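This report concerns only the one structure given below.
Start at 1 and go down the list; that is how both ligands and their atoms are numbered. Please read all numbers here as calculations on a predicted model, not as lab measurements.
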Amino acid sequence: MKLIVAVVQDQDSNRLSSALTKSDFRNTKLASTGGFLRAGNTTFLMGVEDDLVSKALDLIRDNCRSRDQMVAPVSPMGGNADSYIPYPIEVEVGGATVFVLPIEQFHHF
Ligand code: 2BA
């Protein structure tokens, strides 16, 4: 069994959750915040049998789109001046950032 951790954009989370549930993949959604954009995103936790991992990855790939997002200027006040961004820049976010981890034990009490 594997634990899939997938960070997706909020705009994709309902569609992905529905697609996963429809295909019988149990999933948990956590509200999360990206360290770079400091904007909300959604982290999915999924416990998946080994032979179903690739099907789960296909569903994530099919339901998460990459988008261009503007990064607003960030004030250096209270922070490090090295990280100061004086003007808006555009970055491409997602579709999804996915980690697949081995599970040592799984209990469902
Ligand atoms: P954020 O950290 O808010 O990053 C949003 C997007 O900003 C990233 O999209 C990437 O295109 C860009 N970005 C991030 N750090 C950058 C930097 N130092 N310089 C220039 N551009 C940078 P994605 O790569 O698709 O990541 C989307 C979200 O996935 C991230 O949001 C973060 O919440 C998560 N994530 C990505 N890589 C991760 C990792 N190695 N560990 C944990 N979470 C990660």
Side-chain angles (χ1 to χ4, degrees):
M1 193 176 212
K2 297 285 191 289
L3 176 66
I4 298 180
V5 179
V7 184
V8 312
Q9 294 175 71
D10 286 343
Q11 297 98 309
D12 295 325
S13 68
N14 280 344
R15 187 174 54 240
L16 177 59
S17 179
S18 302
L20 291 171
T21 304
K22 202 169 148 194
S23 295
D24 281 337
F25 285 106
R26 292 190 177 194
N27 62 89
T28 298
K29 289 199 300 180
L30 305 175
S32 47
T33 304
F36 186 68
L37 294 180
R38 293 174 201 157
N41 52 29
T42 303
T43 299
F44 281 79
L45 300 182
M46 303 163 58
V48 177
E49 295 300 339
D50 287 4
D51 56 334
L52 292 173
V53 167
S54 63
K55 186 177 176 195
L57 294 178
D58 287 344
L59 283 172
I60 295 169
R61 189 183 301 109
D62 292 347
N63 285 281
C64 297
R65 288 200 292 117
S66 63
R67 295 180 182 86
D68 291 330
Q69 210 159 312
M70 295 302 290
V71 183
V74 179
S75 161
M77 276 180 62
N80 184 344
D82 293 343
S83 62
Y84 177 48
I85 303 173
Y87 46 83
I89 57 167
E90 200 170 58
V91 294
E92 185 181 284
V93 186
T97 300
V98 183
F99 306 87
V100 181
L101 295 83
I103 292 179
E104 203 159 298
Q105 290 187 29
F106 171 72
H107 301 287
H108 191 208
F109 297 116

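Cluster membership check: V5 shares its hydrophobic cluster with F106, using side-chain heavy-atom separations under 4.5 Å among Ile, Leu, Val, Met, Phe, Trp and Tyr.
Under 4.0 Å from any atom of ligand 1, one finds heavy atoms of residues V7, G34, G35, F36, L37, N41, V91, E92, V93, G94, T97, F99.
Residues that satisfy the salt bridge (Lys or Arg N to Asp or Glu O under 4.0 Å) test with D24, not counting sequence neighbours, are absent from this structure.
Cluster partners of I60, by chain and number: I4, V8, L16, L20, F25, F44, M46, V48, L52, V53, L57, L59, V98, V100. The rule joins Ile, Leu, Val, Met, Phe, Trp and Tyr whenever side-chain heavy atoms lie under 4.5 Å apart.
For the pair R15 and D12, the salt-bridge criterion is met [side-chain N within less than 4.0 Å of a carboxylate O].
For Q9 (side chain) and C64 (main-chain N/O), no donor-acceptor pair under 3.5 Å exists by modelled atom type.
Screening residues 90-102 for side-chain hydrogen bond (donor to acceptor under 3.5 Å, both in side chains), with sequence neighbours left out, gives no hits.
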